[in-house]
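Lettering of chains follows the sequences in order, A, B, ..., and the numbering in each one begins at 1.
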Number of protein chains: 2
Amino acid sequence: MKPKLSKPRPKQDTAQRIRAAADELFCGRGFAAVSVQDIAHQARVQKALVFYHFGSKEALFEQILEGYYQAHRDALATAYAGAGTVRERLHRMIDAYLTFMADHARYAALIQQQVGSPETHPLIERNLAPLFTWIEQALAELTPASGPLAPRHFFLTFSGTVINYFTYAPLLAPLWGSDPTAAAALDERRRHVHWLVDTVLDALTAARPPRPRSGQSSRG
Amino acid sequence: MKPKLSKPRPKQDTAQRIRAAADELFCGRGFAAVSVQDIAHQARVQKALVFYHFGSKEALFEQILEGYYQAHRDALATAYAGAGTVRERLHRMIDAYLTFMADHARYAALIQQQVGSPETHPLIERNLAPLFTWIEQALAELTPASGPLAPRHFFLTFSGTVINYFTYAPLLAPLWGSDPTAAAALDERRRHVHWLVDTVLDALTAARPPRPRSGQSSRG
DNA sequence: CTCGGGCTTGACCGAATGGTCAAATAACTG
DNA sequence: CAGTTATTTGACCATTCGGTCAAGCCCGAG
């Protein structure tokens with residue numbers, strides 16, 4: 001009648017409390033501006049416990065970052081994997097992206113802060129690469145393979161359109177007089193991005209034959 | 001025959017050396033991750049000189065940030081101020097934005113890093129507000145006043161499209177196998193953004209009468 | 001020359017940093 | 001119960017942090 005396995009760990013939540021505290025602080029202030037003391041205090045835990053459970057401040061940070069990236073990647077992979085036309089799948093991916101960002105509001109700030117620091121580049125690259133590959137594949141049949149309308153550009157354009165909204169949300173709140181992350185505002189943004197995707201895809205398909213049949217592009 | 005005024009300051013470049021060193025380091029690693037020692041070492045200068053010339057680490061940082069913002073704002077203001085149609089002025093503004101970012105490659109990382117820290121919000125807001133106002137004015141006659149196609153959304157979309165390219169450039173280099181900030185790549189990006197602006201404006205003007213005359217939108 | 005003030009230096013400060021450790025405690029196993 | 005292991009504690013470490021200070025340097029002015 002043991003409801004738990006051989007490792008019940010009644011106080012296992014300690015690590016989780018530390019993780020949660022670190023998550024919030026890192027996202028709000030960035031890696032360097034947060035001390036282990038801060039994290040321990042926020043988690044109402046002894047500082048040494050942070051090192052006991054995670055080894056070092058860097059390891060804790062990378063664990064949090066990795067978790068975020070994995071959740072993000074999985075969310076987009078699920079959205080992309082389903083059936084439907086390329087356009088439908090792209091819309092689903094945009095939706096998933098927006099939803100994920102809305103659910104993890106501070107994630108945007110975190111990655112934007114960390115993109116600049118060379119030591120975390122391998123970690124980011126490892127998680128960014130599949131995203132990049134998906135978009136390239138999805139757009140391959142709609143856009144030229146190279147040049148200003150190549151998939152890579154739309155990848156950056158769409159991802160920037162989504163992420164920039166959340167990056168600047170805290171700054172825009174006072175300018176707008178309302179919270180950009182509120183449900184209504186988010187839905188409006190969602191419709192904007194969908195409109196943009198449709199407009200772009202319409203323009204792309206109008207410019208070239210609807211189905212070139214031969215996937216090879218001769219480069220304009 | 002004095003070539004200089006009452007303040008020749010043969011070693012005036014010290015402050016400039018410190019500024020340059022701080023600029024590079026702050027942009028590369030962010031405020032918190034850079035120590036005054038680092039700055040002094042990079043500038044080949046005694047640490048105390050940093051405090052003599054700038055008072056504090058924060059003051060030095062804000063001076064650099066302010067300088068960047070002012071140059072950025074001025075560049076966009078000049079581009080926007082000229083004659084021409086709204087479309088032409090928008091294209092000029094995009095061009096100025098891209099050029100400024102290319103000339104100050106690390107600026108993108110800096111502001112993205114700082115957007116998240118509440119203490120610099122007033123500084124950023126002060127410099128972001130006019131930008132926001134310009135775009136809203138410029139787009140007012142082309143887009144609905146509210147809803148998913150309101151000017152504010154296009155402001156975020158276009159600025160994200162520009163800035164995101166530079167934010168992710170260091171990460172994309174290994175993925176692409178070439179430097180996204182090289183002249184050829186930048187020109188391609190420039191054409192992409194111009195294509196996007198034209199496509200969006202075409203769609204907006206096609207959807208509604210070319211000149212609604214009455215600026216009031218009934219919101220869909 | 002002397003004077004005086006803007007630079008520059010290097011030593012110094014208290015506080016905070018990331019990290020360690022031995023000892024104490026809690027929890028589970030036999 | 002004893003024995004073992006996982007967890008927790010608080011003191012402790014060396015280093016670095018942002019910042020100060022008094023003394024010296026270098027300069028042009030008188």
Colleague: Quick one: is D:dT16 close enough that its OP1 or OP2 comes under 4.0 Å of any side-chain N or O from B:S35?
Modeller: no
Colleague: Starting at atom CZ of A:R17, determine the distance to atom P of D:dT8, rounded to an integer number of angstrom.
Modeller: 9 Å
Colleague: Send over the distance from A:E58 CD to C:dG18 P, rounded to a whole Å.
Modeller: 11 Å
Colleague: Can you tell me if B:H53 touches the phosphate of C:dT8, counting only side-chain N or O atoms and a distance under 4.0 Å to OP1 or OP2?
Modeller: yes
Colleague: Does a side chain donor of either B:T167 or B:N164 reach within less than 3.5 Å of an acceptor in the other side chain?
Modeller: no
Colleague: Rounded to whole angstroms, how far apart are CG on B:L60 and C1' on D:dG18?
Modeller: 13 Å
Colleague: Give, ordered by number, those residues of residues 36-48 of chain A having at least one heavy-atom distance below 4.0 Å to an atom of DNA chain C; if nothing qualifies, reply none.
Modeller: A:V36, A:Q37, A:K47, A:A48
Colleague: For A:F54 and D:dA6, give me the distance from atom CZ to atom P, rounded to whole Å.
Modeller: 17 Å
Colleague: For B:I94, is there any backbone N or O sitting under 3.5 Å from a side-chain donor or acceptor partner on B:R190?
Modeller: no
Colleague: Reckon B:T14 has a side-chain N or O less than 4.0 Å from the OP1 or OP2 of C:dT8?
Modeller: yes
Colleague: Would you say CD of A:E58 has more than 12 non-hydrogen atoms from neighbouring residues, nucleotides or ligands within 6.0 angstrom?
Modeller: no
Colleague: Listing request: all salt bridge (charged side-chain N to carboxylate O under 4.0 Å, His left out) pairs with a residue in residues 158-172 of chain B, at least two apart in sequence or in separate chains.
Modeller: none
Colleague: Could you verify whether a donor N or O on one side chain and an acceptor N or O on the other, from B:R189 and A:T157, lie under 3.5 Å apart?
Modeller: yes
Colleague: Inspect the contact between B:D23 and B:R19 and indicate whether a charged nitrogen and a carboxylate oxygen are less than 4.0 angstrom apart.
Modeller: no
Colleague: Which whole-number value in Å describes the distance from A:L49 CG to D:dT9 C1'?
Modeller: 8 Å
Colleague: Mind calculating the distance between CZ (B:F51) and P (D:dA22) to the nearest angstrom?
Modeller: 17 Å
Colleague: With a non-hydrogen cut-off below 4.0 angstrom, is A:V34 in contact with a base, only sugar-phosphate, or nothing?
Modeller: sugar-phosphate
Colleague: From OH of B:Y52 over to C1' of D:dG24, roughly how many Å is that when rounded to an integer?
Modeller: 14 Å
Colleague: Only counting residues at least two apart or in another chain, list the ones meeting ring pair (Phe, Tyr, Trp, His ring centres under 6.0 Å) with A:H192.
Modeller: B:H153, B:F154
